[in-house]
Amino acid sequence: MTWLGIGEADWIALQLTFRLALISTALLLVLCLPLAWWLAHTQRRIKVVIEALVALPLVLPPTVIGFYLLILLGPRGAVGGTLERLGANHLAFTFTGLVIGSMIYSLPFVVQPLQNAFQAMGRRPLEVAATLRAGPWDRLVSVVLPLSRQGLLTAAVLSFAHTLGEFGVLLMIGGGIPGQTQVASIAIYSHVEGMDYASAHHLSLLLIVTAFVMLVCIYALNKRFKIVGVAP
Amino acid sequence: MTWLGIGEADWIALQLTFRLALISTALLLVLCLPLAWWLAHTQRRIKVVIEALVALPLVLPPTVIGFYLLILLGPRGAVGGTLERLGANHLAFTFTGLVIGSMIYSLPFVVQPLQNAFQAMGRRPLEVAATLRAGPWDRLVSVVLPLSRQGLLTAAVLSFAHTLGEFGVLLMIGGGIPGQTQVASIAIYSHVEGMDYASAHHLSLLLIVTAFVMLVCIYALNKRFKIVGVAP
Amino acid sequence: MSLACEFRLARGDFALDARMTLPERGVTALFGRSGSGKTTLLRCLAGLERAEGWLTVNGCRWQDDERFLPVHRRPLGYVFQEASLFPHLRVRDNLRYGYRRVPVARRRVDFDETVRLLGVEALLERYPQALSGGQRQRVAIARALLASPRLLLMDEPMASLDATSKAEILPYLERLHDHLEIPVVYVSHALEEVARLADHMVLLEAGRVLATGPLHELLTRSDLPLAHADNAAAVLEAQVLDYDAGRQLVTLSCGDVRLRVSREQAPSSQRLRLSIRASDVAISLSPARDSSVLNCLPVRIAEIDDDPHPGHRLVRLALGDQALLARIPREAVERLALAPGMAVHAQVRARALT
Amino acid sequence: MSLACEFRLARGDFALDARMTLPERGVTALFGRSGSGKTTLLRCLAGLERAEGWLTVNGCRWQDDERFLPVHRRPLGYVFQEASLFPHLRVRDNLRYGYRRVPVARRRVDFDETVRLLGVEALLERYPQALSGGQRQRVAIARALLASPRLLLMDEPMASLDATSKAEILPYLERLHDHLEIPVVYVSHALEEVARLADHMVLLEAGRVLATGPLHELLTRSDLPLAHADNAAAVLEAQVLDYDAGRQLVTLSCGDVRLRVSREQAPSSQRLRLSIRASDVAISLSPARDSSVLNCLPVRIAEIDDDPHPGHRLVRLALGDQALLARIPREAVERLALAPGMAVHAQVRARALT
Amino acid sequence: DPQPTRIAAASDLRFVMDEILENFASDHPEHPIEMLYGSSGRFRSQIEHGAPFDLFFSADIAYPRALEQAGHAAGEVIPYAEGRIVIWSDGLDASELTLSDLADERFRRIAIANPRHAPYGDRAREALRASGLWETLERRLVFGENIAHTLQLVQSGAAEVGIIALSLVRHPSILDQGGYHLIDDALHAPLTQGFIITRRAADNPTARLFADYMGAAETRSIMRAYGFQLPDE
Ligand SMILES: Nc1ncnc2c1ncn2[C@@H]1O[C@H](COP(=O)(O)OP(=O)(O)OP(=O)(O)O)[C@@H](O)[C@H]1O
Ligand SMILES: Nc1ncnc2c1ncn2[C@@H]1O[C@H](COP(=O)(O)OP(=O)(O)OP(=O)(O)O)[C@@H](O)[C@H]1O
Ligand code: MOO
Ligand SMILES: [Mg+2]
Ligand SMILES: [Mg+2]
């Protein structure tokens with residue numbers, strides 16, 4: 001079953017990739033919202049340490065992060081081992097493991113744009129909303145999210161696109177199991193290494209075109225519903 | 001010559017890494033400023049396409065980008081081949097090649113935070129500056145850069161940290177030649193593959209600690225000179 | 001007494017240390033020089049600043065050492081001094097923001113009427129960026145009112161409005177204040193606006209309450225800066241005796257004396273508030289019969305004070321148990337040999353305020 | 001003529017279509033209702049909007065179909081309607097921003113003096129976020145002045161200032177305008193401010209110039225809205241005859257008649273500008289000798305008009321070749337049987353403006 | 001300072017080459033050599049695109065052959081060894097295990113190199129197919145990018161067992177951890193490994209010298225110690 005010069009396994013890998021990117025981006029956005037908010041507004045000293053920590057996953061090569069994660073999530077690691085003792089399975093070579101790995105690696109791409117957006121927004125819109133009876137959640141939905149839309153978009157795009165292309169971490173903790181952990185990036189690389197350049201090119205092209213179309217749509221929608229700017 | 005459990009070759013790799021990260025971050029910032037500015041302010045339709053293109057380097061696995069770059073910059077590629085015909089050397093396996101590769105891959109991390117910062121700033125401060133006799137360059141230096149400091153910082157940090165950890169692209173177009181293109185990430189991974197875990201851990205730790213200290217200093221400085229926020 | 005509070009808050013060199021009690025309904029003018037802490041005090045009332053102290057509104061404790069009712073639980077309306085419209089919402093949605101969040105049963109302000117009276121009907125589909133400064137301010141006022149507040153805080157709401165817009169909005173605000181029966185705290189630098197709207201006044205100076213009391217008392221107290229202001233005025237409370245519809249004239253009694261004031265319609269209540277500017281009062285020794293001035297009142301000179309106006313003196317006149325201010329040229333004081341205790345005639349141009 | 005322009009610009013439903021000529025120096029008041037296009041016109045003058053049309057200042061073409069002098073090349077000062085301080089700079093650096101960018105030889109405004117007169121000395125080390133609304137406005141005014149502009153554009157610069165601050169700043173602005181000898185375009189809703197500062201006036205309505213001309217003409221033209229405003233006033237130009245320092249009284253001649261006005265110091269020039277509010281003029285049939293009012297002028301009734309004020313009529317009085325406005329109760333018009341052509345006495349309280 | 005001669009070697013040679021190089025350096029201190037390890041496939045494409053490698057030791061003779069045909073070699077492809085695959089586990093003594101034991105459910109994850117492009121993975125698959133275990137085990141397999149990566153998957157414990165290169169498990173630190181089971185080489189095609197001198201090193205005496213050094217008795221005994229079968233034995 002080959003279509004567009006792309007074999008079935010690769011279609012599955014592609015599908016897995018988008019699922020992974022979608023899930024980890026969604027989870028990251030949810031988790032990073034409070035963190036970025038706190039970073040944007042706290043006056044505490046510890047803030048700079050947390051800010052530095054957030055950027056740290058980028059500093060190590062993904063394969064190495066992946067290696068340490070493999071140990072951590074595997075049956076002998078702190079996380080995997082605990083799970084095993086609780087009767088569950090460890091997380092190496094699982095989709096969950098991939099999600100965790102790509103989330104850790106994409107963390108800075110989500111936290112930093114959100115934090116910037118929150119800082120740029122200032123407290124005024126929230127104060128206004130509060131005087132108009134909006135409680136904390138209400139303010140989040142009706143004021144914070146719309147006003148930090150550009151930051152949210154950047155966070156989502158960077159995290160999503162980055163997960164599409166993530167290779168090292170996923171290679172290490174995924175084990176390249178077709179249909180489970182073999183994502184497109186690993187499939188493409190396999191083709192390249194195996195000198196099956198045609199498949200590599202086709203799959204790369206498809207990934208790029210799909211991502212490009214998605215991004216153009218997202219940006220076009222964003223532009224359509226854009227606030228015209230602040231001046232005059 | 002081993003110090004802190006880290007051999008001489010690794011020290012060289014570390015130095016190379018920081019040089020690479022510094023140079024490509026600096027170049028990226030300079031190049032992306034006008035692009036981000038244009039994206040933040042243009043009303044043209046093509047904008048969404050450029051925005052999507054900017055994010056595309058993330059979509060492919062770095063090793064694959066590296067592979068395509070290798071073809072492009074190598075002696076038979078469009079760029080490398082042209083250089084050879086002009087009597088210069090092609091760029092594969094050179095430090096220049098590494099710089100180009102890491103710049104391409106870090107492009108979105110620089111453009112997007114800058115664009116967001118410029119959009120959040122709006123036109124008002126520029127208008128005010130213009131009425132106070134500040135010409136375009138003057139406005140850039142005295143108003144745009146200080147007011148988009150948070151975005152600049154994010155761009156610089158993401159790009160710098162990401163280059164420190166970049167592996168796939170650099171391995172492919174650099175080849176990991178000690179002293180020339182073997183950066184720390186490749187050295188660490190080599191140690192892991194060679195089961196020299198001690199060296200891998202030491203080098204990882206050093207990279208992390210150095211990066212962490214740098215980041216904490218940067219963030220602390222940033223906080224110290226921070227604008228207190230917009231609300232009264 | 002319906003709103004009482006005590007706040008302490010430090011901001012750099014500036015320290016707010018204010019204690020005050022406001023009447024249950026009616027407008028309290030918050031007056032003070034730039035930087036005296038008016039905005040800060042309003043923010044404390046709204047709960048936007050976590051000041052030390054306490055606040056009781058309508059018998060409910062909103063804030064003290066133990067409690068702190070969060071802003072969104074305080075049923076208030078706040079018109080901010082600076083632009084505060086949500087840039088991502090059209091004018092309509094800005095207006096509906098607070099309105100929607102008040103349960104239907106508790107809404108006490110009509111959407112369409114408010115929109116019409118603030119002259120923003122034509123702007124409903126626009127984004128705030130496409131409004132002029134004054135238009136933004138009107139939308140902000142409407143938005144605060146539509147939240148059916150039980151305490152209304154207005155920080156220079158009309159600062160950038162033209163006279164015509166003000167003249168349209170003021171009567172609406174007056175009616176609304178009556179109708180809502182809530183306390184209103186109103187910051188304004190325009191004494192005329194204040195004299196028209198406010199019953200009560202709080203004077204701030206460098207973060208402290210300098211004086212507080214009924215408007216007409218504070219306006220004429222010569223120990224306070226108001227009496228010496230450019231547009232110093234007295235406010236009188238008078239009893240309606242008669243309305244002459246043809247001439248649009250109301251006859252009033254104020255203590256023993258009678259006053260006449262032009263007015264479009266018959267007053268709806270038995271009492272009227274009059275504002276009489278110091279510069280609108282002239283003194284003559286004999287009653288002037290053939291002058292266009294409506295009122296020529298027998299008064300007694302209570303006090304002759306300095307006036308910051310060049311070449312003038314401020315004369316306090318006793319009119320029954322109320323007071324009038326007159327700004328008189330020094331030359332006239334000499335020429336007419338005015339002195340405290342003298343009985344003279346005040347030629348008075350009064351304005352009905354309510 | 002020093003500033004002449006013609007601009008066309010569309011913004012949604014709104015269209016600016018303004019053509020005007022302003023005198024070489026002196027203040028032009030830009031007057032008009034909220035949303036009439038005042039800010040838009042100022043922005044066009046500054047080059048912040050790329051309007052169609054042309055603009056000539058002091059004989060230089062700043063803009064036409066071919067040319068467009070960019071904003072930073074236009075030597076102007078702009079006080080924005082909304083907050084415009086740079087949040088990343090301390091007050092001192094905000095002030096120095098434009099100052100530093102003017103070559104020393106071309107600086108015509110003294111830093112320390114400006115800072116002192118605008119009352120911002122104590123704020124120099126603060127960031128704008130730590131200022132009150134009025135303090136911000138004062139810093140913005142000072143900043144614009146310190147750029148030694150050759151054209152000054154001020155968009156409601158005093159909107160949120162208290163009377164005392166205004167009273168301190170206005171004389172400084174007056175002197176500065178004199179000293180700088182530049183055209184100033186001044187948007188304000190406060191007729192009194194305008195009457196005091198402006199020589200010239202441009203009336204805008206829905207983006208078009210309704211009228212333009214010397215202030216005193218426009219103020220009393222009964223076909224324009226100004227004469228009917230709440231604080232309608234006439235402005236008279238008068239010749240100084242004498243100054244009585246003891247009584248702080250100036251004697252002036254205005255056509256054939258003599259006027260007396262209180263004034264702190266002797267006038268520095270031979271001409272004085274007087275503002276006489278319609279509500280400050282009373283009419284009597286006989287001259288009132290024993291009244292505190294300084295001036296009792298023989299005038300002739302030129303016109304009796306409707307007045308939007310309830311129960312009043314607007315009476316235009318001819319005083320030589322100049323005009324006065326008097327707001328008279330209907331009752332008095334009847335009682336005194338006033339009619340056009342009648343010779344009466346105007347009891348006038350005048351204020352010296354310059 | 002002359003450029004060292006640069007050797008790109010497949011990752012299964014990691015330990016053995018380090019030892020050979022040590023000897024070479026003491027025998028020929030005037031001929032500096034720099035060793036790079038990685039996957040054979042990557043080196044192949046890098047050499048195609050101008051990589052500055054002087055010798056290329058591949059895990060699969062097919063790669064240097066392809067390079068030779070494309071004109072990237074100076075001289076012939078020289079076969080230097082035949083690799084073997086073994087069963088190895090980090091948690092238990094694999095010398096007790098046979099291929100058919102892998103069917104046991106306690107081995108939840110079995111690591112092999114990716115057969116699509118790694119020669120060791122390809123032979124592992126052949127061996128599993130030949131013993132009729134492929135269908136049973138397929139769902140439990142995880143794939144390493146190259147043979148060294150496969151070893152890491154097993155070392156981390158995430159895969160309980162793996163099929164890897166004999167040359168790697170002969171590393172002293174692994175030998176300490178217990179035994180391995182050598183897979184019968186009748187079950188898979190021979191893993192013939194070859195090297196070339198690249199075109200850029202045509203005139204490089206060090207490259208020639210090292211190529212010859214591979215035939216030296218000392219070198220051959222080291223190769224043998226790491227479990228390689230030498231071509232002519
Ligand atoms: N962070 C700060 N540091 C020092 N002083 C501050 C700070 N924030 C506010 N202030 C001062 O607090 C005082 C009160 O400010 P507030 O905004 O309440 O004044 P206001 O009465 O509303 O003035 P305005 O009429 O100008 O709006 C001002 O003098 C201001 O300078
Ligand atoms: N993008 C737009 N779309 C439609 N109308 C607009 C837009 N931008 C501005 N306007 C309108 O242009 C008119 C002129 O605005 P401008 O700011 O010049 O008024 P203004 O005279 O300064 O008023 P104010 O006294 O309230 O500041 C306003 O009626 C405003 O609503
Ligand atoms: O080419 Mo390898 O030896 O499978 O890593
Ligand atoms: Mg204030
Ligand atoms: Mg305006």
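A note on names: the letters A, B, ... follow the listed sequences, proteins ahead of strands, and every chain is numbered from 1. Heavy atoms only: backbone and side chains are in, while hydrogens, waters and symmetry mates are out.
Here the CD atom belonging to C:Gln81 is positioned 7.5 Å from the CZ atom belonging to D:Arg136, to the nearest 0.5 angstrom. Going from atom CG of C:Leu123 over to atom CG of D:Asp13 covers 9.5 Å, rounded to the nearest 0.5 Å. Distance CD/C:Gln347 to CD/D:Gln347: 5.0 Å, rounded to 0.5 Å.
Side-chain contact between C:Pro329 and D:Arg260 is absent, with no heavy-atom pair separated by less than 4.5 Å.
Contact of C:Gln135 with chain D is made through backbone and side chain together, with heavy-atom distances under 4.5 Å. Only the side chain of D:Leu336 comes within contact range of chain C, with at least one heavy atom under 4.5 Å from a heavy atom of that chain. Contact annotation for D:Asp155: neither backbone nor side-chain heavy atoms come within less than 4.5 Å of a heavy atom of chain C. Both the backbone and the side chain of D:Ile283 have a heavy atom closer than 4.5 Å to some heavy atom of chain C. For D:Val281, the part lying near chain C is the backbone, with the side chain staying farther off; criterion is any non-hydrogen pair under 4.5 Å. Proximity to chain D is limited to the side chain of C:Arg335, based on heavy atoms less than 4.5 angstrom apart. Only the side chain of C:Leu249 comes within less than 4.5 Å of a heavy atom of chain D; its backbone N, CA, C and O stay farther away.
Taking chain C as the reference chain and counting heavy-atom pairs below 4.5 Å, the highest number among D:Glu331, D:Arg330, D:Met158 is found for D:Glu331. When the candidates C:Lys38, C:Arg126, C:His345, C:Arg138 are compared by the number of heavy-atom contacts under 4.5 Å with chain D, C:Arg138 comes out ahead. For the set C:Ala326, C:Ser286, C:Gly134, C:Ser36, the count of heavy-atom pairs under 4.5 angstrom toward chain D peaks at C:Ser286. In terms of heavy-atom pairs under 4.5 Å with chain D, the best-connected choice from C:Gly133, C:Ser292, C:Gly32 is C:Ser292. Ranked by heavy-atom pairs shorter than 4.5 Å toward chain D, the options C:Ser291, C:Ala332, C:Gly119, C:Gly37 are led by C:Ser291. Comparing D:Leu294, D:Val344, D:Val315, D:Asp280 by heavy-atom pairs within less than 4.5 Å of chain C, the highest count is held by D:Leu294.
Taking the salt bridge (Lys or Arg N to Asp or Glu O under 4.0 Å) definition, one finds that C:Glu334 meets it with D:Arg247, sequence neighbours left out. In this structure, the side-chain contact (heavy atoms from CB on, under 4.5 Å) partners of D:Phe14, at least two apart in sequence or on a different chain, are D:Arg11, D:Leu16, D:Thr40.
Contact detail for D:Ser279 and C:Arg277: the closest heavy-atom pair is OG-NH2, 3.9 Å.
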Test D:Ser34 against C:Gln137 for side-chain contact (heavy atoms from CB on, under 4.5 Å), laying out the working first. CA-CA 10 Å; D:Ser34 169; C:Gln137 223 172 8; over 6 Å; no
